[in-house]
Structures are given as structure tokens and as C-alpha cells.
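Below: the structure, in C-alpha cells.
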Amino acid sequence: MAKKLQSIRGIHDGLPEQVRCWQHIEQAARTIFERYAFSEVRLPVLEPTELFVRSIGAATDIVSKEMYAFVDQGGDHICLRPEGTAGAVRAYLQAGLTRSGAQRWYYMGPMFRRERPQKGRLRQFQQIGLEWFGVSGPVEDVEVLALAESFLKALGLVDLRLELNSLGCDQCRPVYRTVLVDFLRNAADRLCETCHERTEKNPMRVLDCKEERCQSTLREAPEITGHLCAACASHFEQLKLGLDALGIGYEVNPRIVRGLDYYNRTAFEFVTDRLGAQGTVLAGGRYDGLIEELGGPATPAIGFAAGVERLAMLLETPESPRPDFAIVSLGEQTLVWSLEQADWLRSQGFVVVHCGGGGAKRQFKLADREHARFTAVIGEEEMQRNLITVKDMETGEQRTMTRQEVVTFAHR
RNA sequence: GUGGAUGUAGCUCAAUGGUAGAGCCCCGGUUUGUGGUACCGGUGGUUGUGGGUUCGAGUCCCAUCAUCCACCCCA
């Protein structure tokens with residue numbers, strides 16, 4: 001079948017079954033986040049291209065080749081947001097909230113990256129993001145992790161792994177970087193081609209290499225956690241103490257590197273191995289330099305983003321809602337009255353579908369397919385006597401009763 | 001951006017280069033107000049699209065698009 005009109009590659013529709021699952025996830029996020037006193041914000045999908053160049057970093061893949069960026073009719077350079085943090089910071093600054101104390105925000109919505117689609121990766125995908133401005137941690141870092149964990153737990157996801165790292169700060173990261181690059185250059189003959197490139201471009205990424213050969217060499221590589229400055233080391237220690245106290249399990253993984261330039265200190269990922277190559281389901285960290293970078297006062301902050309579609313893949317799709325009543329109307333005379341009864345039952349709080357009249361057999365078939373709990377059979381006899389015949393679709397029993405009886409009968 | 005696999009009915013899939021089929025779903029029927037089972041019948045396809053080879057292409061070749069998976073990268 002030739003589909004002449006198709007959605008854009010990697011951009012998929014959310015059909016009812018899918019959306020039910022998303023709503024379940026969003027519902028859990030709202031409940032848990034608000035329990036930590038975070039407030040929802042709704043931010044633009046279109047932003048000035050410049051925003052992401054200055055925040056995420058011009059050299060990152062996201063900015064250099066994955067952004068949907070274009071010039072609009074007025075000559076403005078705009079793009080579809082590839083992530084949420086930069087826009088949130090922009091909004092925070094634009095609203096002049098830098099002197100209003102810490103801000104606790106969360107949001108959910110679509111993000112866009114023009115990548116090659118694969119499992120767990122789409123060009124338009126949804127993130128649930130959370131940002132906490134004006135707090136330096138480590139107490140808040142612990143709380144963010146605790147919040148993230150209870151969110152995932154609320155979804156029934158208990159088999160996720162929390163990987164934790166510290167990326168250091170302006171003081172210690174450059175020092176570590178030179179140590180690492182030295183090591184990598186010395187070991188260059190035992191590393192693969194892409195590792196050579198990454199040594200120059202983004203040395204911490206080398207540690208992530210999937211080549212067996214490289215990994216055995218990299219076992220001796222210096223780790224960031226051994227090169228943190230006193231302040232970062234203490235921050236990291238207190239974070240771990242807090243997690244231990246709350247009974248939150250984690251593994252320190254010195255290899256995790258957040259993809260975007262603005263991260264420092266605490267970095268974390270909740271990972272599953274049930275999702276193929278895209279196992280990261282929720283990830284984030286601290287970005288103490290970003291707000292200043294975008295023109296605000298030096299303000300520490302921490303946040304994370306969760307991939308809704310990835311979470312959805314780990315969950316059972318919830319059952320479709322079952323109507324309480326399917327209205328079966330028999331005989332043309334009863335049609336109007338049956339519509340009134342449908343309306344009335346809805347006003348009593350029931351979910352009601354009308355089977356549209358016509359043959360009895362057809363209507364019962366419809367009622368069956370909708371998985372209605374009851375059918376309300378309305379024929380001339382019922383209409384005359386102001387009664388409704390209610391059939392229990394599971395047991396097959398049916399009884400004629402007054403309209404008030406129907407309500408109490410169905411409500412038990 | 002690179003590599004591999006796959007595109008036939010709404011869905012899942014058949015069809016030694018020789019007239020495109022099945023199951024499920026959907027619609028209708030098996031005596032006039034009763035579903036889920038059974039039986040009968042029916043709708044439904046320019047074989048993803050465009051070229052090429054051939055007397056003849058769903059089948060072979062090329063291109064293109066899409067999906068899936070992996071790399072890169074990331075939620």
C-alpha cells in the first residue's frame with residue numbers, strides 16, 4: 001500500500017495506546033516532583049539558535065549536526081530545541097529570577113535532534129526535565145537523586161542501575177584532562193582509530209570505547225575520581241554519604257561523561273540493559289557555570305532529563321478504559337429516548353457508549369468489543385414504562401429496573 | 001553521516017521468472033429484542049516508489065523512500 005503522505009522520518013505519531021502509557025509516566029512525574037515542591041513550567045519549542053550554540057557547545061554533535069535550525073521569514077535564526085536545560089536557563093534569566101532565591105522547575109515536552117533513528121532514538125522525542133537553580137549541593141544533589149529514584153520506583157522500575165561520577169570543576173578538570181591525554185598518547189598504538197580522534201576532540205569519551213582491545217588498555221587509564229580538587233572531592237564524598245543514608249544504591253562509574261559541555265561535578269545516569277544500545281533512561285548532573293555563561297550572575301544549578309519513550313518501552317501498556325455502559329437501542333422510536341438515557345448516565349459519572357441503534361445483534365457485538373461492563377437495553381417496552389434493562393456482560397444476567405436502581409446497581 | 005536486515009490486503013505472513021493467496025480483523029447472514037463459540041458469505045492489492053533486464057517481474061538488476069538494528073552520539 002503506497003502511503004503518499006507519511007510522517008517525517010524518525011517522527012512518530014502518539015496513538016491512544018501509546019499516549020495512555022505516556023500519561024501514566026507524566027502522572028507519576030507530576031506527583032513525585034510536586035512532593036518535592038517543584039513547579040511545572042511550559043517553555044517554547046522554538047528558541048534562538050544562538051542559545052544552544054552558547055550553552056551546549058558549538059563543537060558538540062548536537063549543535064554541529066543534529067539541530068533543526070533554519071532562518072525564518074523575518075531573517076531570524078531559530079531552531080527546534082534539542083534539549084530543555086538551555087531554554088529553562090534562558091527563561092529563568094529573562095524572568096529576572098536571579099534574586100528570588102532557588103527555583104525548582106520541571107517540564108515535559110518534545111525535543112528534536114536530526115539523528116539516524118534506531119531503538120530508543122527518535123528525531124522528535126519527549127523528555128521530562130527538572131531543573132533546580134541557585135543551589136550548590138551536595139544536599140540538593142542527594143535530593144535530586146532521591147526524587148529521580150522515587151519517580152522511577154513509582155513507575156515500578158526497580159531494576160535500573162544508578163551510575164554516578166564527578167566531572168570535577170574548572171580547577172581540577174583541566175589538570176585531569178592533561179594527565180589523561182598524556183596517558184592516551186602514550187598508549188596510542190594500542191588504541192583504535194576512533195579513540196585517536198577522541199583523544200584530541202573529547203578525551204573523556206575514549207574511556208567509553210566499546211572495542212575489547214581498547215578497554216583492556218584503558219583499565220590502567222587515570223580516572224577523574226582520583227584527580228578531583230579538595231572541594232570537588234568533598235562534594236562527591238558527601239553526596240555518596242547522603243545516598244548511603246537514604247539507602248539509594250549506586251555505582252561510581254568514572255567513565256560516564258555527560259554529553260553536553262556545561263556539566264561539572266555531579267553527573268549521573270539511570271541505566272537499563274533491556275533497551276539495546278540506548279540504555280540511558282534518565283540522566284543529568286550539575287551545571288554550575290551555565291547560568292553565568294548565558295549572561296546571568298554566577299549561579300549553581302542541577303537538573304536531569306528522562307526520555308519518555310524509553311521509559312515507556314520498559315512499561316506494560318495500561319489497559320484501555322472500559323465503558324460502564326453500552327446503550328443498545330431497539331426500534332427506531334426509542335432512539336431519541338436512548339440518547340437521553342446515555343446522557344443522563346454520563347451525568348451520573350458513568351462512561352457510556354451508544355451503539356448507534358440498528359440490529360440487536362450488531363449492537364451487542366459492539367458492546368462486547370468495547371468490553372462494556374453492562375449493556376443498557378432500551379426498547380419500546382422500557383421506554384413506555386420509564387425503565388432500563390441492564391445486562392451484565394460477564395455473567396449474561398439481565399434485569400429490568402428503574403433508572404435510579406440502575407445507578408446504585410452499577411456503582412457497587 | 002556510515003554499515004547490515006526488511007518492505008506483498010487494515011494486521012501476521014505465503015506465492016520453482018508464467019493468471020497475487022491464507023489466517024486474523026472488519027462488514028453481513030444462520031427466521032423478526034441479545035455479545036463472546038461454530039458455520040456460511042462479502043469488502044479489501046497499481047506487490048513502498050521510480051527505472052531497467054525479459055516474450056513475461058512480487059520474484060533478477062539499479063536508484064530512491066521508509067521501518068528495524070548497530071556505529072557515531074545521546075534521553
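A note on names: the letters A, B, ... follow the listed sequences, proteins ahead of strands, and every chain is numbered from 1. The model shown is predicted, which means the values in this text are computed figures rather than measured ones.
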Item to check | Residues A/Glu405 and A/Thr402: side-chain donor-acceptor under 3.5 angstrom | outcome: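 Result is yes, a qualifying pair exists.
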OP1 or OP2 of [N] less than 4.0 angstrom from a side-chain nitrogen or oxygen of [X], does that happen here?
{"X": "A/His371", "N": "B/rG36", "answer": "no"}
{"X": "A/Lys361", "N": "B/rG35", "answer": "yes"}
{"X": "A/Arg369", "N": "B/rC27", "answer": "yes"}
{"X": "A/Arg9", "N": "B/rU67", "answer": "yes"}
{"X": "A/Arg116", "N": "B/rC69", "answer": "no"}
{"X": "A/Gln118", "N": "B/rA70", "answer": "yes"}

Next on the checklist: Please pick, from B/rA75, B/rU34, B/rG33, the nucleotide with the shortest atom-to-atom distance to any side-chain atom of A/Arg310.
Outcome noted: B/rA75
Next on the checklist: Which nucleotide wins on minimum distance to the side chain of A/Thr389, given the candidates B/rG35, B/rA75, B/rG33?
Outcome noted: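 Nearest nucleotide to the side chain: B/rG33.
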What contact category does [X] fall into here, base, sugar-phosphate, or nothing, at under 4.0 angstrom with non-hydrogen atoms?
{"X": "A/Gly276", "answer": "sugar-phosphate"}
{"X": "A/Glu370", "answer": "nothing"}
{"X": "A/Glu309", "answer": "nothing"}
{"X": "A/Leu122", "answer": "base"}
{"X": "A/Ala367", "answer": "nothing"}
{"X": "A/Arg113", "answer": "base"}
{"X": "A/Lys119", "answer": "sugar-phosphate"}
{"X": "A/Gln126", "answer": "nothing"}
{"X": "A/Gly359", "answer": "nothing"}
{"X": "A/Gly10", "answer": "sugar-phosphate"}
{"X": "A/Val308", "answer": "nothing"}
{"X": "A/Glu269", "answer": "nothing"}
{"X": "A/Glu397", "answer": "nothing"}

Checklist entry - Does the separation of the ring centres of A/Phe374 and A/Phe409 fall below 6.0 angstrom? => result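 Yes, ring centres under 6.0 Å apart.
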Checklist entry - Is the distance between the ring centroids of A/Phe38 and A/Tyr106 under 6.0 Å? => result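 Aromatic pair excluded; centres sit 6.0 Å or further apart.
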Item to check | Stems where RNA chain B pairs, listed by first number, each of three or more Watson-Crick or G-U pairs under 3.5 Å | outcome: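 Expected stems, ordered by start: B:1-7 with B:65-71, B:10-13 with B:21-24, B:26-30 with B:38-42, B:48-52 with B:60-64.
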Checklist outcome for this item: Residues passing the salt bridge (charged side-chain N to carboxylate O under 4.0 Å, His left out) test with A/Glu269, sequence neighbours excluded, are A/Arg258
Checklist entry - A/Glu237: what forms a salt bridge (charged side-chain N to carboxylate O under 4.0 Å, His left out) with it, not counting sequence neighbours? => result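 Scan of A/Glu237 (salt bridge (charged side-chain N to carboxylate O under 4.0 Å, His left out), adjacent residues dropped) gives A/Lys240.
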Next on the checklist: Whether A/Glu115 and A/Arg121 form a salt bridge (side-chain N of Lys/Arg under 4.0 Å from carboxylate O of Asp/Glu) is what I want to check.
Outcome noted: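 Looking at A/Arg121 and A/Glu115, the cut-off is met.
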Item to check | Pairwise 5' ranking along RNA chain B for A/Gln127 and A/Leu330, keeping only the more 5' one | outcome: A/Leu330
Next on the checklist: Can you classify the ring geometry of A/Tyr176 versus A/His227 as parallel (below 30°), tilted (30 to 60°) or perpendicular (above 60°)?
Outcome noted: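 Tilted.
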Item to check | Between B/rU19 and B/rG56 - C1' atom distance, rounded Å | outcome: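 So the two C1' atoms sit 12 Å from each other.
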